Amino acid sequence: MSAVLPAAEPVPQTPFRRFLEEFFESKLATLGFVMLAGIVLLALLAPLLAPQNPYDLAKLELLDARLEPGARSVAGITYLLGTDGQGRDMLSAILYGLRVSLYVGVVSGIIALTLGALTGVLAAYAGGRIEQFVMRVVDIQLGFPAILVALILLAVLGKGVDKIIIALVCVQWAYYARTARSAALVERGKEYMEAARGLGLSGTRIVLRHLLPNALPPLIVVATVQVAHAIALEATLSFLGLGLPTTEPSLGLLIANGYEYLMSGKYWISFTPGVALLATILAINLVGDQLRDVLNPRLAK
Amino acid sequence: MTVYVLRRLAQTLLVLLLTSGLVFGGLYLVGDPVEILVNPQADQEERARSAAALGLDRPALEQYWIFLKGAFSGDLGKSFVFGRSALEVIIERMPATLELALLAMVMSVGLGIPLGLYAGLRPHGLAARAIMAGSILGFSLPTFWVGLLLIMVFAVQLGWLPSTGRGPTTEFLGVQVSILTWEGLRYALLPALNLALFKLSLIVRLTRAQVREQSLLDYIRFARAKGLKRARVIGVHLLKNILIPLITVIGLELGSVIAFAVVTETIFAWPGMGKLVIDSIFQLDRPVVVAYLLVTVFMFIMINLVVDLLYSALDPRVRIAEVKS
Amino acid sequence: MRRPVSASCALLQVRDLVTEFAGREGRLRAVDRVSFSLERGEILGLVGESGSGKSVTGFSIMGLVDAPGRIAGGSVKFDGVELVGMADGELRRLRGKRIAMIFQDPMMTLNPVLSIETQMLETVLAHDAVPRQEARRRAIEALGLVGIASPAERLAQYPHQFSGGMRQRVAIAIALLHRPDLIIADEPTTALDVTVQGQILYEMQRLVRESGAALVWITHDLAVVAGLADRVAVMYAGRIVEQGSTAEVLDAALHPYARGLLDSVPAANAAGGRLRQIPGMTPSLAHLPAGCAFRDRCAYADDACAAVPGITLRGSRQVRCHHPLFEAVS
């Protein structure tokens, strides 16, 4: 065979630009990204956009309860999405509900990512017994369905935003730990790690500067899936009455509140918050799906 | 092989012990069941009496010890609410949950594998794209909300299927089963569909990914080069290779479906273990909650074990590795 | 099946075969106007670097080119019958029956989860309606033929219980089950240990001679071809650049690329001397120079090479070059 020299092809773009280009190649992913950006914006600006503060019980007018979408209140305000059983404006409730859902999903995701990734990378770096033990725990935990683990924890912990975040972190950390460990194991075998050790770099420095950044792409992919799961799980638990307190309704609770009116044809109380929830999860999943394709080196040709 | 199974069973015992300790300890910290169980007008003496009757007056560790002693003889305590053995109450509800879970799994596997196979074999076709888009949607739909929609559309608007409860049961192998008669099946269809939807999407995606990966491998091309019919190349060569990893997933998902039945049973008022445990959590019926968790954890571990054994039975490569080790 | 009387025409006649792959960078021609023919019992060595289109040529003959690839033109006549555009059912009846194929990596060609028995018997039964007992007998016979000891017991085993060389023997046994007229062997020894390579090569040669099958041996290894093939075709970037009898081509290649390939074989060089290498690297199909695909790396290239060279005939030899090395001494 002829001598094979590495081709010195010119690199026309930065990796990040190429990443963006590949990401937005898919129409569905672009749609997902736009949807997600819109939803996040709506949630952030909820206090400015919402016609009513849904948490302010004094503002609620029982006479306005269960109004249809587009109906006018006694005070002459139009309720675009109708009202719920307590006369709460559904549009406002949904905007604030989005805030709660996203907050719970993202905060639990960040904490779980941090804890899980550190555990996984440290386990891979430590090796031996410690690694075996940590991965055993991870395996056992992942053997149980998330809903069951969350159910046990909330039965024990009780209601509250902090409680549900703790439960969601406990459910999710193991996924991050497993991903981080396997990514770190691959990196551990590579030559530059030997070189880093040879240079006398300290353990923490190797972990923080070398292992973690390389473990990041797969972690980001897992994170999108997990945040979507966390939001869905929180909504489910709140629907069951185990998640958030009724004073700060998340989307799950709004749906639960509408449940009793469903049979009498007042569908919107459950339906519209559900659409908002679905749109949020769908947008995250669409983005996550494309991220996996773009960031996965095995599929890249 | 036997050693392997025995080791796994020993592990099971350890996990059960751990779970029971955690749950028991945790639940002990939450609320006082007497508050809920006893008439609010009851005086101090009456409360003390009922607490003593339930064994709640003793220290936590002693309560746990009594529980453990009982557990080893198959007694997981008495339900505060039903006044009967908690295990009995759960086992009574178990067939309802299991038939729902099985029906849901049959639906998702029966639909998911063919759809995933199709989408994997013709990845660029319109139908395949539709299937994949549908699976992302199915993946994103909150199960409980879909349950509400199903009730609204099929029960309230169209009136085709009953919305809540379990249909009439018939006895089958000593178990009360409802899905063997058409009338009973009608009640089970909506909840099972609700439970199946998420898993269906999962199985479609997994099957498709497997098909895409495997159909690029040389053994498929070699099978075609031998002059085999397409049906045999796909139905035997490809399918057997994708089924082996799928069996593991399907087994584990069965466990997850049983757990997720908690949600579906609550929405459709399906009288299974899931609805029971939710009710018990609210009524602080500790023995039932603990017993439910132990029973489900035990079931999961058994399912995992069966899946592992099945895997080694199906994959010739694993069988040999077992013998050697 | 009735075989047409065709003593006069070649067993396999490939004419201007074009196979294209649709990709991000447009359609790529993996096989570009390839023509060759093969008599009964003849052995052709199809030589080229990886990516030269030699394997795709093999798959095109078998009708095993999958989307995004497709046969875009030309003709493949097997025993007088046109294979390009043939209905899939008819093609299937030929595959494994009259045309068999052996693949490169024996670790990957046998299905890991089916027993050898299943994989052999299904091949017999796909073409002949015989009782299972008879199919089994044939399978055992074929395994014995390729030198597998105690074939009856081995039949019940799974691929992972065989070594690489043994697996390739099984694959060869499967290919021989129906005593095909043509065998296409896609680098069947490349993935094996050197010692095993020699054995398999020897066995193949013996079996092909005994059965009278014609053989297309696809390889990147000229040394293998030297001892095996009657004729050699050298491929570069999808085109056959030179073909002729093995002795003639190996003795004095006419195409600069073929000459370069020969010079880079260690055996062709004096011991201790430096290996000569073709400058540059195999271009990817997406970035081929217009005209002669080899011109960027060719010492003889000039302006004429900007046009695609036609085929020059010299006796039974064909060369696709503007400056064939008729007199040049290397």
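Residue numbers start from 1 in every chain, and the chains themselves are labelled A, B, ... in the order their sequence lines are given, proteins ahead of strands. Keep in mind that this is a model prediction, so the values were computed, not measured.
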message = Less than 4.5 Å to any heavy atom of chain B: does that hold for the side chain of Val275(A), its backbone, both, or neither?
response =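 For Val275(A), backbone and side chain are both near chain B.
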message = With a 4.5 angstrom heavy-atom cut-off, is it the side chain or the backbone of Ala235(A) that approaches chain B, or both, or neither?
response =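 For Ala235(A), the contact with chain B is made by backbone and side chain together.
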ask   = At their closest point, which heavy atom of Pro145(A) faces which heavy atom of Ser256(B), and how far apart are they?
value =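 The pair with the smallest heavy-atom distance is CG-CA, 3.5 Å.
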Does any backbone or side-chain atom of [X] lie under 4.5 Å from a heavy atom of chain A? Answer side chain, backbone, both or neither.
X	result
Ile267(B)	both
Phe300(B)	side chain
Val297(B)	both

task = Starting at CZ of Phe139(B), measure out to CG of Leu282(A) and round the result to the nearest 0.5 Å.
result =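 The CZ atom of Phe139(B) sits 12.0 Å away from the CG atom of Leu282(A).
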Answer whether the closest heavy-atom distance between the side chains of [X] and [Y] falls below 4.5 Å.
X	Y	value
Ile281(B)	Leu151(A)	yes
Phe239(A)	Leu148(B)	yes
Asp289(A)	Arg205(B)	yes

message = So, applying side-chain contact (heavy atoms from CB on, under 4.5 Å) with Leu137(B), which one of Ile281(A), Asn285(A), Leu286(A), Leu278(A) is it?
response =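 Going through the options one by one, the only one that passes is Leu278(A).
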query = Do you know which of Leu251(A), Thr280(A), Leu277(A) makes side-chain contact (heavy atoms from CB on, under 4.5 Å) with Pro142(B)?
reply =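 Exactly one option meets the side-chain contact (heavy atoms from CB on, under 4.5 Å) with Pro142(B), and it is Leu277(A).
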message = Is it the case that the ring center of Phe271(A) lies less than 6.0 angstrom away from the ring center of Trp145(B)?
response =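 Under 6.0 Å, so yes.
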